[in-house]
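Proteins come first, then strands; the chains are lettered A, B, ... in the order of their sequence lines, and each starts at number 1.
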Amino acid sequence: MLTTLKKDIHTAIAGLYDHRIDDGQLLISPTKKEFEGEYTFVVFPLVKAIKKKPEEIGQELGERIQAESNLVTGYNVVKGFLNLSLSKRYWLQTLSELTVKCGQAPIQNGKTLMVEFCSPNTNKPIHLGHIRNILLGWSMAQIGEANGYKVVKTQVVNDRGIAVCKSMLSWKESADGATPESQGIKGDHFVGKYYVAFEQLFQSEYKAWQSTEKGQAIYKSLSKDGDLEETFFKSYKNKYFNEHSKIGKRTKDMLLQWEAGDPETLALWKQLNDWVYEGFDKTFDALGIDFDVVNYESETYILGKEFVQQGLQDKIFYQKEDSSVWVDLEDAKMDQKLVLRSDGTAVYVTQDLGTAHMRYAKYKMDKLVYVVADEQDYHFKVLFEILKRLGEPYADNLYHLSYGMVDLPTGKMKSREGTVVDADELIEEVISEARNASQERGGLEGLTDAERTDVFRKIGMAALKYFIIKVNPKKRMTFDPKESVDMQGQTGPYIQNAYVRIRSILRRVSERPDYDLNNYKQELQEIEKELIVLLTSYEAMLGEAMNKYDPSLVANYCYALAKAYHRFYHDCRILNAEQEETRGFRLALSELVAERLSAAMKLLGIEMPEYM
RNA sequence: GGUCUCAUAGCUCAACUGGAUAGAGCAGCUGCCUUCUAAGCAGCAGGUUCCAGGUUCGAGUCCUGGUGGGAUCACCA
């Protein structure tokens with residue numbers, strides 16, 4: 001219906017001025033509340049071509065459209081804004097079109113979208129930062145599906161390397177055979193404990209070394225003047241680990257054994273990782289997410305080396321005397337970048353090159369989205385540039401969905417200071433907060449315990465997820481645990497509540513009222529029109545969320561729709577409306593809102609309860 | 001220091017790609033539950049959109065230059 005309106009505007013412009021504009025330039029938006037009308041056409045863009053005053057064009061156009069289009073019943077012009085009032089026929093027709101469309105599954109576009117997200121390390125449990133990542137990745141996958149893509153959700157687990165060896169060594173030397181079962185701890189937390197223990201041990205070793213003769217000698221010879229001892233040793237940490245530390249030496253030995261395929265080391269590695277995955281799976285379950293394909297870095301870290309040969313041949317890469325391989329990206333305003341170490345092993349970019357290639361060979365995806373924090377912006381710029389130079393056919397279809405870090409009101413999350421917010425704890429907390437709030441409120445008397453638990457879970461998770469996903473991804477956000485469990489105002493539960501109210505009404509309807517949309521005699525309320533406008537904009541919003549890779553648009557849409565519905569609910573009687581046909585109309589409208597709310601929230605990974 | 005990025009009400013966030021008088025929520029203050037769920041609705045108050053210029057019918061949004069926060073510049077991943 002909206003497209004018909006646009007067509008009418010086109011016709012009027014063509015008829016009056018013999019001028020055509022393309023659809024993209026035809027700017028039509030919902031009218032601001034202060035003005036009369038429902039849709040506004042901005043005439044300024046026409047001024048140049050037509051060479052008349054904006055007001056004049058507005059008047060002429062308005063008159064013409066009102067005369068010619070049976071959708072427009074009135075107009076007014078303010079400055080260069082032409083506000084149109086639409087006919088009852090428009091609203092009713094739109095509503096019935098929406099009703100028809102609502103039940104239909106999204107049309108497939110035959111394209112494949114791959115989303116990489118989450119990608120944890122196996123030495124630490126999932127934390128708040130991962131949650132933002134996971135919610136973004138999951139939502140993008142859902143939004144992709146809603147836009148007709150076949151979607152492949154994937155993650156690369158960082159299951160190898162020096163960091164993993166740290167927890168392995170720590171467990172081996174101090175656990176005395178303890179297991180998650182014997183300690184009654186979730187597997188990922190169990191392993192994480194040994195990683196922390198390693199770091200503590202290493203720190204105390206390092207601290208002691210700093211005051212030895214050797215440590216002091218190094219400080220004196222290497223520090224620049226003015227460098228405090230503390231600052232110097234902070235930056236020397238990696239070097240110490242690699243060159244002087246005893247525990248560091250043992251860790252590196254373990255990595256060598258791992259790489260050599262030593263059976264005992266591999267068995268230990270596998271055991272610890274299995275524990276971690278068991279723990280991760282529980283967290284993923286609680287978050288309501290899953291993956292289609294899981295890659296492990298222990299498998300992908302060897303990939304990408306064939307590119308080095310090819311790149312050398314094509315003179316895209318060059319080799320230094322020590323046989324390390326580099327790429328020069330300075331003409332693209334980047335640096336010289338290492339792609340292969342002098343010992344012939346791969347680095348981070350090499351792996352990513354290889355993984356991208358492998359994925360394309362396997363899935364032929366039309367789009368690949370990497371959900372990774374913005375601290376890696378530069379890495380992805382480099383990665384994409386290299387793939388382009390190598391002539392990879394998919395190089396232009398890659399996107400780095402870069403998101404800002406999550407801060408706490410007290411500042412940054414730092415694992416060393418123990419300020420990292422653990423995902424499992426957080427989930428438990430929001431759910432119990434939902435339970436408290438609900439019990440204070442009452443009203444779930446008819447439900448079984450299991451049903452009630454399910455409601456609390458849905459409400460708590462909605463509060464948490466909505467709080468995070470409503471923020472524009474590229475912005476750094478502040479996570480206040482107190483606010484994250486809020487259930488009033490712009491929150492997940494507020495939106496759920498609108499849905500629950502509708503479901504509650506629908507449960508009371510025994511017989512659908514008899515009414516005919518084509519023959520509806522009642523006047524429409526402003527708020528009813530507003531709801532229809534919002535429902536109409538759903539599709540455009542979906543497309544925009546996809547194009548901009550921004551799930552927060554969906555979140556904001558849900559809030560706007562729920563807010564409008566709450567007002568409608570307050571202002572208009574639905575079940576006991578004055579007229580039978582009003583009852584029918586409002587029920588249909590409500591049902592449509594419920595379906596849209598539920599569908600849109602599902603895109604964010606948020607479930608709707610039937611009661612609350 | 002180079003590069004990238006962000007800055008909007010006391011706090012957390014919006015603003016339809018350059019459009020009307022910059023909007024919501026929280027916190028504060030007022031009202032509204034014997035009528036479909038008050039996790040709601042209505043109202044009050046709160047702003048030099050970091051600063052200074054520029055572009056034009058029109059700038060929170062674009063360009064230039066500052067200021068302040070963050071990230072990144074490893075033969076770590």
* What's the closest nucleotide to the A:Gln490 side chain, out of B:U37, B:C75, B:G25? -> B:G25
* To do: Answer with base, sugar-phosphate or nothing: what part of the nucleic acid does A:Glu610 contact at a heavy-atom distance below 4.0 Å?
  => base
* Rounded to whole angstrom units, what separation is found between the NZ atom of A:Lys482 and the C1' atom of B:G25? -> 16 Å
* Pick base, sugar-phosphate or nothing for A:Tyr611, based on heavy-atom distances below 4.0 Å to the nucleic acid. => base
* **Beyond-backbone contact of A:Ile468 with A:Leu128, side-chain heavy atoms, under 4.5 angstrom** => yes
* Hey, is B:U12 sitting syn or anti, using the within-90° cutoff around 0? -> anti
* To do: For nucleotides B:C36 and B:C41, find the distance between their C1' atoms and express it as a whole number of Å.
  => 15 Å
* Asked: Which value, in whole Å, describes the distance between the P atoms of nucleotides B:C62 and B:A14?
  -> 15 Å
* For atom C1', what is the distance between B:G60 and B:C13, given to the nearest Å? -> 15 Å
* To do: Using the six-membered ring of A:Tyr499, assess whether NZ or CZ of A:Arg596 lies under 6.0 Å from its centre and within 45 degrees of the ring axis.
  => no
* Can you figure out which of B:G40, B:A20, B:A24 approaches the side chain of A:His566 most closely? => B:G40
* Whether A:His127 and A:His130 hold their rings parallel, tilted or perpendicular, with breakpoints at 30° and 60° -> tilted
* Structure fact -> Assign each of A:Asn472 and A:Lys333 the nucleotide of RNA chain B bearing its closest heavy atom; nearer the 5' end lies the nucleotide of A:Lys333
* Has the side chain of A:Asn83 got a donor or acceptor atom sitting under 3.5 Å from an opposite partner on the base of B:A20? -> yes
* B:G40 base stacked by A:Tyr569 (centroids within less than 5.5 Å, tilt under 30°) -> no
* **Distance, rounded to the nearest Å, where A:Arg476 contributes CZ and B:U5 contributes P** => 16 Å
* Structure fact -> Of the listed B:C36, B:U17, B:A24, the closest approach to the A:Asn576 side chain comes from B:C36
* Which one, B:C13, B:A38, B:C4, comes nearest to the side chain of A:Met477? -> B:C13
* Between B:U21 and A:Lys79, is there an OP1 or OP2 to side-chain N/O distance shorter than 4.0 Å? -> yes
* To do: Indicate, with a heavy-atom threshold strictly under 4.0 Å, whether A:Ile502 touches base, sugar-phosphate, or nothing.
  => nothing
* When you get a sec, tell me which of B:U72, B:U37, B:C26 is the closest nucleotide to the side chain of A:Asp486? => B:C26
* Asked: Does the base of B:A20 carry an N or O that pairs as donor and acceptor with the side chain of A:Thr40 under 3.5 Å?
  -> yes
* Which is true for A:Val471 with a 4.0 Å heavy-atom rule: it touches a base, it touches only sugar-phosphate, or it touches nothing? -> sugar-phosphate
* Look at the side chain of A:Ser504 and decide which nucleotide, out of B:G19, B:U37, B:C41, has an atom nearest to it. => B:U37
* **Nearest-angstrom distance, C1' atom, B:A27 to B:U72** => 37 Å
* Please state the C1' separation for the pair B:G65 and B:A77 - nearest whole angstrom. => 38 Å
* Asked: How are the rings of A:Tyr549 and A:Tyr399 set relative to one another: parallel (under 30°), tilted (30 to 60°) or perpendicular (over 60°)?
  -> parallel
* May I ask you to evaluate whether A:Arg341 reaches the phosphate of B:C76, defined as a side-chain N or O under 4.0 Å from OP1 or OP2? => yes
* Which is true for A:Lys474 with a 4.0 Å heavy-atom rule: it touches a base, it touches only sugar-phosphate, or it touches nothing? -> sugar-phosphate
* What about A:Asn556, does its side chain sit under 3.5 Å from the base of B:A15 through a donor-acceptor pair? -> no
* Structure fact -> Using Watson-Crick geometry (N1-N3 plus N6-O4 or O6-N4) or G-U wobble (N1-O2, O6-N3), each under 3.5 Å, B:G31 is paired with B:C41
* Asked: Taking atom P in both B:C4 and B:A9, what distance in whole Å separates the two?
  -> 27 Å
* Distance below 4.0 Å between A:Lys563 side-chain N/O and B:G25 OP1 or OP2 -> yes
* To do: Establish, with yes or no, whether the OP1 or OP2 oxygen of B:C41 is under 4.0 angstrom from a side-chain nitrogen or oxygen of A:Tyr494.
  => yes
* Ionic contact status for A:Arg567 with A:Glu530, cut-off 4.0 Å -> yes
* Between A:Phe241 and A:Lys166, is there a cation-pi geometry (under 6.0 Å to ring centre, at most 45° from the normal)? -> yes
* Asked: From the list B:U17, B:C57, B:C41, which nucleotide is the closest neighbour of the side chain of A:Phe44?
  -> B:C57
* Structure fact -> Whole-Å distance, A:Phe568 CZ to B:C36 C1', equals 11 Å
* Asked: Is there a side-chain contact between A:Tyr348 and A:His379, using heavy atoms and a 4.5 Å cut-off?
  -> yes
* Look at the side chain of A:Ser29 against the base of B:C16 and say whether a donor-acceptor pair falls under 3.5 Å; ignore hydrogens and angles. => no
* **For B:C41, glycosidic torsion class - syn if within 90° of 0, otherwise anti** => anti
* Asked: Within this structure, what is the CE-to-P distance between A:Met541 and B:C16, rounded to whole angstrom?
  -> 15 Å
* Ignoring backbone atoms, establish whether A:Arg508 has a side-chain N or O less than 4.0 Å from OP1 or OP2 of B:U37. => yes
* B:A14 - base-pair partner by Watson-Crick or wobble geometry, distances under 3.5 Å -> none
* How do A:Asp377 and A:Ile505 order along RNA chain B: which one's closest nucleotide is nearer the 5' end? -> A:Asp377
* **Identified pairing partner of B:U67, criterion: Watson-Crick or G-U wobble below 3.5 Å** => B:A7
* To do: With the side chain of A:Lys475 defined as its heavy atoms from C-beta on, choose the nearest nucleotide among B:C73, B:C6, B:U37.
  => B:C6
* Given atom CG of A:Asn238 and atom P of B:C76, what is their separation to the nearest angstrom? -> 10 Å
* Just call it for A:Ser342: base, sugar-phosphate, or nothing, with non-hydrogen atoms closer than 4.0 Å on any strand. => base
* To do: Sticking with atom C1', work out how far B:G70 lies from B:C50, rounded to a whole angstrom.
  => 16 Å
* Could you tell me how the ring of A:Tyr301 sits relative to the ring of A:Trp258: parallel (under 30°), tilted (30 to 60°) or perpendicular (over 60°)? => tilted
* If you check the A:Gln351 side chain, which of B:A77, B:A38, B:C73 turns out closest? -> B:A77
* Asked: Do we see A:Phe35 stacking on the base of B:A20, given a limit of 5.5 Å between centres and 30° between planes?
  -> yes
* Asked: Given atom CG of A:Asp335 and atom P of B:C73, what is their separation to the nearest angstrom?
  -> 10 Å
* Asked: What interatomic distance, in whole Å, is found between P of B:U67 and the corresponding atom of B:C51?
  -> 15 Å
* Asked: In whole Å, what is the span from the CG atom of A:Asn547 to the C1' atom of B:C16?
  -> 13 Å
* Between B:C4 atom C1' and A:Phe384 atom CZ, what is the distance in whole Å? -> 15 Å
* **Complementary nucleotide of B:A20, counting Watson-Crick and G-U pairs under 3.5 Å** => none
* Is atom NZ of A:Lys474 surrounded by more than 12 heavy atoms (other residues, nucleotides or ligands) closer than 6.0 Å? -> no
* Is there side-chain contact between A:Leu444 and A:Ser438, with heavy atoms separated by less than 4.5 Å? -> yes
* To do: Examine B:A42: is either OP1 or OP2 under 4.0 Å from a nitrogen or oxygen in the side chain of A:Arg567? Give yes or no.
  => yes
* **Nucleotide nearest A:Pro45 when distance is taken to its side chain, options B:C36, B:G19, B:C6** => B:G19
